[in-house]
Amino acid sequence: MNEHSFSVLGASGFIGRALVARLRGEGLAVAAISRHGDAPDDIRISSYLDQTALEAAIGDTCEVLFHLAALAHRRDQDEAAFVRANVDTALVAAHAAIARGVRRFVFVSSIGVIGSESHGEPLVETTPPQPAAFYARSKWRAETALREILEPAGVEFVIVRPPLVYGPGAPGNFGLLARMARWPLPFGAITQNSRSFVGIDNLVDFLLTVARHPAAAGQVLLVTDGQDVSTAELLERMAASIGRSASLIGVPTTLLEFVARLTGRRDVARQLLGSLQVDASRSAKLLGWTPPVSLDEGLRRAMVNTR
């Protein structure tokens with residue numbers, strides 16, 4: 001039987017790879033569990049819905065289980081697919097964790113559970129849930145169901161809701177922006193919005209703090225880099241991080257919105273033009289945590305590894 005203190009479900013994903021690397025870099029015993037991982041030390045299972053296989057992978061010495069496995073960044077999937085991937089698998093993982101005597105279950109959710117935009121006031125831990133997209137709705141359903149299963153069983157349950165996570169090889173919109181930032185872009189006029197982000201190194205550091213800190217038990221926690229920027233400023237900083245100047249054209253936002261409506265990309269326009277401010281100061285204070293990597297350094301690490 002594997003002997004380890006930590007288990008990571010979804011170890012082959014963007015966040016999972018970084019978390020496993022950090023844990024192993026600190027000499028900690030970790031079971032890296034995934035369906036697609038090809039690293040020699042990974043534990044591969046055919047399905048997260050196979051509770052027997054999951055229990056075997058978790059083992060009987062696991063103290064903290066990180067649940068990162070999820071379906072995201074897929075516009076070609078219907079809501080049922082998100083429920084299967086993000087709700088059903090989480091519930092199986094919860095039952096496996098209970099069976100194996102896991103002490104703490106850390107569930108990485110999404111800021112989308114409490115909103116995809118902020119309107120004048122930043123989102124905080126107590127903002128009422130209002131998930132819109134399939135992904136966010138599935139995460140909210142998983143949060144609710146997990147709490148109902150884990151708390152009566154005496155398993156400490158922690159929810160972490162990050163905003164967009166960036167870093168080297170990031171999927172989704174940041175990866176697209178990182179590639180586009182090297183070229184002229186029509187976003188020079190998007191200077192009045194404000195958005196929060198979290199770099200992969202900061203998120204991993206926060207997750208380790210969550211795993212260890214007694215005050216994290218039973219909490220819903222938010223995490224950011226602690227610095228908000230407009231879309232234009234983000235692109236300028238991304239370009240500067242690789243020694244370039246951003247080439248931004250000041251196309252009016254009304255025209256960008258019009259083009260987005262015509263092309264059916266309102267969701268992308270909302271992310272570029274709208275604000276999504278997150279105030280994570282309460283969570284940081286509760287855990288005595290500060291982001292170890294600045295926004296500019298995080299962007300530099302991301303951009304130098306992006307082609």
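Listed for the Arg100 side chain is a donor-acceptor partner under 3.5 Å among the backbone atoms of Glu55. Side chain of Thr89 to main chain of Ala85: a donor-acceptor pair is present (N/O by atom type, distance under 3.5 Å, no hydrogens or angles). Without hydrogens or angle criteria, Asp279 side chain to Ser281 main chain gives a donor-acceptor distance under 3.5 Å. Judged purely by atom type and a 3.5 angstrom limit, Gln130 uses its side chain to pair as donor or acceptor with the backbone of Ile114.
Between Tyr135 and Asn86 the shortest side-chain heavy-atom distance falls below 4.5 Å. Here the side chains of Leu234 and Leu177 are in contact, with some heavy-atom distance below 4.5 Å. The side-chain heavy atoms of Arg301 and Val293, taken from C-beta on, include a pair separated by under 4.5 Å. Within the 4.5 Å cutoff, the side chain of Gln219 has no heavy atoms near those of the Ser283 side chain.
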query: Going through the distances and angles, do Arg300 and Glu297 end up as a side-chain contact (heavy atoms from CB on, under 4.5 Å)?
result: CA-CA 5 Å; Arg300 186 195 68 77; Glu297 173 59 18; 2.8 Å; yes

Pair Leu287-Leu221, side-chain contact (heavy atoms from CB on, under 4.5 Å): steps then yes or no: CA-CA 10 Å; Leu287 304 182; Leu221 303 170; 4.0 Å; yes

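In this structure, a donor-acceptor pair under 3.5 Å is absent between the side chains of Asn193 and Ser275.
Note on ring orientation: taking the six-membered ring where Trp is involved, the planes of Phe134 and Phe82 are tilted (angle from 30° to 60°).
Other residues, nucleotides and ligands contribute more than 12 heavy atoms inside 6.0 Å of the CD atom of Gln227.
Only one option out of Asp228, Thr224, Asp225 pairs with Ser196 in a side chain to side chain donor-acceptor pair (under 3.5 Å); it is Asp228.
Atom CZ of residue Arg35 and atom CG of residue Leu9 lie 11.5 Å apart, to the nearest 0.5 angstrom. From Ile45, atom CD1 reaches atom CD1 of Ile58 across 8.5 Å, with rounding to the nearest 0.5 Å. Annotation: the span from Phe174 atom CZ to Ile200 atom CD1 amounts to 11.5 Å, rounded to 0.5 Å. Distance CZ/Arg237 to OG/Ser230: 9.0 Å, rounded to 0.5 Å. Taken to the nearest 0.5 Å, the CG atom of Leu272 stands 8.0 Å off from the CZ atom of Arg195. Atom CG of residue Leu208 and atom CD of residue Glu26 lie 5.5 Å apart, to the nearest 0.5 angstrom.
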Quick one: side chains of residues 255-262, donor-acceptor pairs under 3.5 Å with protein atoms, not counting sequence neighbours, listed by atom name and distance.
none

For residues 238-245, which side-chain donor-acceptor pairs fall under 3.5 Å, sequence neighbours excluded?
| from | atom 1 | to | atom 2 | distance (Å) |
| --- | --- | --- | --- | --- |
| Ser241 | OG | Met238 | O | 2.6 |

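Under 4.0 Å is where a charged nitrogen must lie from a carboxylate oxygen, and between Asp201 and Arg22 no such pair does.
Residues in residues 203-236 take part in these ring-ring contact (aromatic ring centres under 6.0 Å, His included) pairs, two or more places apart or across chains: Phe206-Trp289.
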